[in-house]
Q: 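Take this structure first; my questions come after.
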2 protein chains.
Amino acid sequence: MARWQSGSRERLAASALRLFASQGFESTTVAEIAADAGLTERTFFRYYADKPEVLFAGQDEFEGLFLDGVEESTSTQPMELMASALDHAAAFFADERRAWSRSRQVVVTGNVALQERELHKMSGLASSLTSAFAERDIDPNIAALAAEATVSVFRRSFAAWIAAGESRPFADIQRGVLSQLQALLAPS
Amino acid sequence: MARWQSGSRERLAASALRLFASQGFESTTVAEIAADAGLTERTFFRYYADKPEVLFAGQDEFEGLFLDGVEESTSTQPMELMASALDHAAAFFADERRAWSRSRQVVVTGNVALQERELHKMSGLASSLTSAFAERDIDPNIAALAAEATVSVFRRSFAAWIAAGESRPFADIQRGVLSQLQALLAPS
DNA sequence: TGACGTGATGACAGTGACTGACATGACGTT
DNA sequence: AACGTCATGTCAGTCACTGTCATCACGTCA
C-alpha cells in the first residue's frame, strides 16, 4: 500500500472547486482545501503557485488547442487562421462540460482576484497566438490585433455558451460570433 | 501649522512609484511606502484598497474620457462611436506624459500582479463602453465586440506610443491602428 | 538482505498584505 | 472653553505564501 494516495493534484483541485462553490472563494482557506484533500497547506503550494491557480489547471492543454488549430492551417490569411484556431479549440467545450463550466464560472465571476487571473490567462493566450500568426509572415501589429480579436470572439462565445437556456454547440455559437465581428468592422 | 500634511494620497502614490521603480514592486513593502510618505501602513490602506491599486489612481478620469467621447457623438454606428471614444481619450496622452508613462509601464510590465490589475482595469473600461454603446440601440453582442475592439486598439496604440524612438502624437498612432483593424477584418 | 538515494509529504517558523477595533489629538464650531 | 469631527496612530489578529529541515515509503544496487 502506498504511503501517499496518488492524484494529490487532482484531489486538491476537486476539493477547492467544491468548497469555493459552497462557501465562496475568500471564505475558504488554503489549509481547509488541503485538509479536505487529506494534505497540508504546504503541500497545496507545492502543486499550485497560489490560491487562484488551483482553478486554472489544464490551461496549457486548452491553449494548445488554439495553437494546433493555427498549425493545422496552411493559410497565410489572418482571418482564415483565426477561424481555424477557433474551430479547433471548440472541441474542448463538449456539451458534457457545459454544466461544469457553468458552476466554475459562477465562482470566477464572484471574485475579483479570479477575474484578474482569468484575464491574465486570456492575455497569455493572445500572446501565444500573436507569435503563431507572426510565424506566418503576418505583420506583427496585424498579428496582435488578430490575436486579440480571436480571444474576444472566444470569450463572447463562451459567455453565450454557458448562458441559461443556451443549448447550441460551442462551435456553432462561435462561428456566429465571428461573423458578427466581421460585419461590425466591415467598411460601409 | 497643520498636524497633518495635506495631500497624503498623492504623497503615497509618488513614494510608491519612486520606490517601485528603484527597487521593484515585490521588494517594496507597504510599510516602507507609508514611512517614505510620512505615514503608517494602516493609513496607506485607508487611501488604497491594496498595494497594486496605488499605481492606478486616476483611472476613473481616464475611463471618463472614453465615455465622454461616446456621449459627444450623435451617431448610432458602432465604428463612428468607437472612433469618437478613441479620439477623445487621446487627449489624456499628451507628449509631456510620455516619459512618465514609460517609467510607469516598466514597473507594471515587471510584475504579474500589476499586469493582472491593468488587464482588469481595461476589462472594466470595456464593460463601461459596452453599456454606453448599448444605450445607442446597438445589439448587446455587437456592443460588446465593439467595446473590446476599442480597447484593443487603445492598448496597441499605447504600446506603440511608449515604444523607444516613437515620437508621433498618440492620436495619430491610434487612427492608424484603427485603420489596420478595419483592414484586417474587411471581408475579402 | 541491507545500505542508500530519491521523492512526496509533514512540521514549523517567519514575512508581509490586509482588517477590525479603539485611542489620540488638531481643527472648526458654538 | 467645551464639543464634535476626522485624519491618523496603535495594536492585535488572520491568512497567503516561503524557506528549511525532518520523515519515511519505495526502488536500486551491492
Side-chain angles (χ1 to χ4, degrees), chain A residues 1-57 107-108 110-118 120-121, chain B residues 1-57 107-108 110-118 120-121:
Chain A
M1 179 180 160
R3 178 181 181 194
W4 305 287
Q5 302 176 32
S6 60
S8 295
R9 187 182 180 87
E10 290 69 26
R11 265 182 297 130
L12 284 167
S15 294
L17 180 56
R18 194 170 50 75
L19 290 170
F20 291 164
S22 72
Q23 62 188 35
F25 176 78
E26 286 191 352
S27 40
T28 302
T29 68
V30 172
E32 203 173 347
I33 299 167
D36 189 82
L39 297 166
T40 63
E41 186 183 10
R42 190 64 184 87
T43 299
F44 176 95
F45 288 109
R46 289 196 176 99
Y47 284 101
Y48 298 102
D50 56 23
K51 190 179 166 188
E53 200 62 20
V54 72
L55 278 178
F56 294 86
V107 174
V108 172
N111 182 271
V112 171
L114 294 174
Q115 292 171 37
E116 292 187 345
R117 180 59 50 89
E118 181 149 274
H120 192 249
K121 296 290 184 183
Chain B
M1 179 176 161
R3 178 183 182 194
W4 304 288
Q5 301 176 34
S6 60
S8 295
R9 186 182 182 86
E10 290 70 27
R11 263 180 300 131
L12 285 167
S15 294
L17 180 56
R18 194 169 51 76
L19 290 169
F20 292 163
S22 71
Q23 62 188 35
F25 176 77
E26 286 191 351
S27 40
T28 302
T29 68
V30 172
E32 202 173 348
I33 298 166
D36 190 81
L39 297 165
T40 63
E41 187 184 9
R42 190 65 184 86
T43 298
F44 176 96
F45 287 109
R46 289 195 175 100
Y47 285 101
Y48 299 101
D50 56 23
K51 190 179 165 187
E53 200 63 21
V54 70
L55 277 178
F56 293 87
V107 174
V108 172
N111 182 271
V112 171
L114 294 173
Q115 292 172 35
E116 292 187 346
R117 180 59 49 88
E118 181 147 275
H120 192 249
K121 296 290 184 183

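A, B, ... follow the sequence lines: proteins, then strands. Residue 1 opens every chain. Excluded from the calculations below are hydrogen atoms, water molecules and symmetry mates; all remaining heavy atoms, backbone and side chain alike, are included.
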Q: Is the phosphate of C/dT9, meaning OP1 or OP2, less than 4.0 Å from a side-chain N or O of A/T40?
A: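 Answer no for this pair, as no side-chain N or O of A/T40 is under 4.0 Å from OP1 or OP2.
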Q: Does A/E26 come within less than 4.0 Å of A/K51, counting only side-chain N to carboxylate O?
A: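 Answer for the salt bridge query: no.
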Q: When all nucleic acid strands are considered with a 4.0 Å heavy-atom cut-off, which category describes A/Y48: base, sugar-phosphate, or nothing?
A: nothing
Q: Round to the nearest Å and state the distance from B/R117 atom CZ to C/dA17 atom C1'.
A: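 The distance from CZ of B/R117 to C1' of C/dA17 comes to 13 Å, rounded to the nearest Å.
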Q: Please confirm whether the shortest side-chain N or O distance from A/S8 to OP1 or OP2 of C/dA8 is below 4.0 Å.
A: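 For C/dA8, neither OP1 nor OP2 has a side-chain N or O of A/S8 closer than 4.0 Å.
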Q: CG of B/D50 to CZ of B/R117: how many Å apart, nearest 0.5 Å?
A: 4.0 Å
Q: For nucleotides 14-17 of chain D, tabulate all protein N/O to nucleotide N/O atom pairs closer than 3.5 Å, reporting atom names and distance.
A:
residue: D/dA16; atom: OP1; partner: A/K51; partner atom: NZ; Å: 3.2
residue: D/dA16; atom: OP2; partner: A/V30; partner atom: N; Å: 3.4
residue: D/dC17; atom: OP2; partner: A/K51; partner atom: N; Å: 2.6

Q: With sequence neighbours excluded, what pairs up with A/R46 under the salt bridge (Lys or Arg N to Asp or Glu O under 4.0 Å) test?
A: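 Applying salt bridge (Lys or Arg N to Asp or Glu O under 4.0 Å) to A/R46 gives none.
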Q: Starting from P on D/dT8, measure out to CZ on B/R9 and report it in whole angstrom.
A: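 The distance from CZ of B/R9 to P of D/dT8 comes to 12 Å, rounded to the nearest Å.
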Q: Without decimals, in angstroms, what is the distance between B/R11 CZ and D/dT8 C1'?
A: 11 Å
Q: When you check the side-chain N and O atoms of B/R11 and B/S8, is any donor under 3.5 Å from an acceptor?
A: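 Yes, side-chain donor-acceptor contact under 3.5 Å.
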Q: Does A/R46 make a side-chain donor-acceptor contact with the base of C/dG7, cut-off 3.5 Å?
A: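 There is none.
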Q: Could you please name the option among D/dT20, D/dG9, C/dT9 that lies closest to any side-chain atom of A/R42?
A: D/dT20
Q: How many angstroms lie between atom CZ of B/R18 and atom OG1 of B/T28, to the nearest 0.5 angstrom?
A: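 Rounded to the nearest 0.5 Å, the CZ-OG1 separation comes out at 10.0 Å.
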Q: Rounded to the nearest 0.5 Å, what's the gap from CD1 on A/I33 to CZ on A/F44? Could you check?
A: 5.0 Å
